Amino acid sequence: MPLEFKPYPPPGQRQLGRELLRSLTRKLIVLALLAAVLVLWAGWQYSRRQSADSETLGDYRINGDAVSVLLVQPDVSLDLGTGLRGDYTAQLARALAMQFEQLGYRTRSVPARSDEERFGQASRLEDKDAAIAHQAQIAQSLREAGAPVLRVSLDGLDNDGAVVTAHRYKVELLDPRTLQPSWRAVLIWREGRSQSIALLWPLRRNRLPPPLWDSLATLAVERMREDGKLPSGTIH
């Protein structure tokens, strides 16, 4: 049987093939490192997306089985750079009320500001009188109910052009007799441009993370418990 000889690549082609392979390997390593850095950066952003800074101002704490949620809505004319209403104060107040209802408390929501105040119509004397009357009526109603008051308000928004980068909301525990705060927490939600990458992990199990107002409401309840302002567990 005659021998068959396969053509062997010349040395120049072998060297070129090795260089192409090394170049491709280096590029793949660089891409893998960049992907790893991006994932770590997204995970770091996601891990610090929310925080709470609380302080105790008095001895009053939540007791009984009822809670009043006092919603302080900002002016609708507030220029937030993202449209007429770029805050989630009302959603946070509702989420906080729902948290307490799940713990067994009876809740009621109360508007702290009159329509005249919210719509910037308190310049006229009659509108100013209506706003003052509304405040007096709400204060009297809270005192008569005698239930602990949770005042929820917008503390500020940080903007990067037309994009909100951080939300700050204030939750205060008020003594209904004096309407003075005995506890205060500033809840912060940070928007990271790479956070969506970190969401791929829960999405693989078809689970979506809760919206920011639910997360912040849970954080507020946890912080109240840590600071001794809310009994642990549910009530019956």
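The shown structure was predicted, so the numbers you read here are calculated from the model rather than taken from an experiment. Computed from heavy atoms alone, side chains included, the values below leave out hydrogens, waters and symmetry copies.
If you take CD1 on Ile138 and CG on Leu179, they are separated by 11.0 Å, rounding to the nearest 0.5 Å. Rounded to the nearest 0.5 angstrom, Lys229 NZ and Ser54 OG are separated by 10.5 Å. To the nearest 0.5 Å, atom OG of residue Ser68 and atom CZ of residue Arg106 are 9.5 Å apart.
Applying the salt bridge (charged side-chain N to carboxylate O under 4.0 Å, His left out) rule to Arg143 yields no partners; only residues at least two apart in sequence or on another chain are considered. With sequence neighbours excluded, no residue forms a ring-ring contact (aromatic ring centres under 6.0 Å, His included) with Tyr60. Residues forming a salt bridge (charged side-chain N to carboxylate O under 4.0 Å, His left out) with Asp214 (at least two apart in sequence, or on another chain): none. Applying the side-chain hydrogen bond (donor to acceptor under 3.5 Å, both in side chains) test to Trp183 and every residue at least two apart in sequence or in another chain returns Asp227. Legend: residues meeting side-chain hydrogen bond (donor to acceptor under 3.5 Å, both in side chains) with Thr178, ordered by chain and number and at least two apart, are absent.
Contact annotation: the side chain of His134 approaches that of Pro111 to within less than 4.5 Å [non-hydrogen atoms, C-beta and beyond]. Contact annotation: the side chain of Ser141 approaches that of Arg108 to within less than 4.5 Å [non-hydrogen atoms, C-beta and beyond]. Leu96 is not listed as a side-chain neighbour of Trp213, based on a closest heavy-atom distance of 4.5 Å or more. Contact check for Arg177 versus Leu142: no side-chain heavy atoms found under the 4.5 Å cut-off. Using a 4.5 Å heavy-atom cutoff, the side chains of Ser182 and Asp59 are not in contact. A heavy-atom distance below 4.5 Å is not found between the side chains of Glu172 and Leu150.
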- Could you check Leu71 against Thr89 for side-chain contact (heavy atoms from CB on, under 4.5 Å), going step by step and ending with a plain yes or no? CA-CA 8 Å; Leu71 170 61; Thr89 313; 3.7 Å; yes
- Task: Please assess Lys170 against Val152 for the test side-chain contact (heavy atoms from CB on, under 4.5 Å), listing each intermediate value before the final yes or no.
- Result: CA-CA 6 Å; Lys170 187 185 299 181; Val152 183; over 6 Å; no
- Task: Decide yes or no on side-chain contact (heavy atoms from CB on, under 4.5 Å) for Ser114 and Gln137, but give the supporting numbers first.
- Result: CA-CA 11 Å; Ser114 65; Gln137 180 182 0; over 6 Å; no
- Do Arg168 and Asp53 pass the side-chain contact (heavy atoms from CB on, under 4.5 Å) test, and can you show the C-alpha distance, the side-chain angles, and the key distance before you say yes or no? CA-CA 10 Å; Arg168 296 191 307 277; Asp53 183 16; over 6 Å; no
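By the rule that hydrophobic residues join a cluster once side-chain heavy atoms approach within less than 4.5 Å of another member, Leu173 and Leu230 end up as members of one cluster. Side-chain heavy atoms closer than 4.5 Å link hydrophobic residues (I, L, V, M, F, W, Y) into clusters, and following such links, even through other members, never connects Leu174 to Leu154. By the rule that hydrophobic residues join a cluster once side-chain heavy atoms approach within less than 4.5 Å of another member, Leu92 and Leu103 end up as members of one cluster. Linking Ile, Leu, Val, Met, Phe, Trp and Tyr residues whenever their side-chain heavy atoms come within less than 4.5 Å places Leu216 and Tyr88 in a single cluster. Using a 4.5 Å cut-off between side-chain heavy atoms of Ile, Leu, Val, Met, Phe, Trp and Tyr, with links allowed through other members, Val149 and Val110 fall into the same hydrophobic cluster.
For the pair Ser215 and Gln50, the tightest heavy-atom approach, listed with the atom from each and the gap, is CB-OE1, 3.1 Å. Here the shortest heavy-atom pairing between Gln73 and Ala90 reads NE2-CB, 4.0 Å. Here the closest heavy-atom approach between residue Ala147 and residue Ala66 is recorded as CB-O, 3.6 Å. Nearest approach of Leu57 to Pro181, heavy atoms of both residues: CB-O, 3.6 Å.
Within the structure, the ring pair (Phe, Tyr, Trp, His ring centres under 6.0 Å) test picks out the following pairs touching residues 91-113 (sequence neighbours left out): Phe100-Tyr105.
Remark: side-chain polar atoms of Arg184 are not paired, donor with acceptor, to backbone N or O of Thr56 under 3.5 angstrom. Under the 3.5 Å distance criterion, the side-chain polar atoms of His167 are left unmatched by any main-chain donor or acceptor of Leu187.
Look at Asp158 and Arg190 and you find no salt bridge, because none of the NZ, NE, NH1 or NH2 atoms lies under 4.0 Å from a carboxylate O. Between Arg225 and Glu222 there is no salt bridge, since no side-chain N of the basic residue sits under 4.0 Å from a carboxylate O of the acidic one.
Judged purely by distance below 3.5 Å, without hydrogens or angles, the side chains of Arg94 and Thr107 never pair a donor atom with an acceptor atom.
Each of Ile188, Asp155, Asp87 was compared with Tyr169 under the side chain to side chain contact (heavy atoms under 4.5 Å, CB included) criterion, and only Asp87 meets it.
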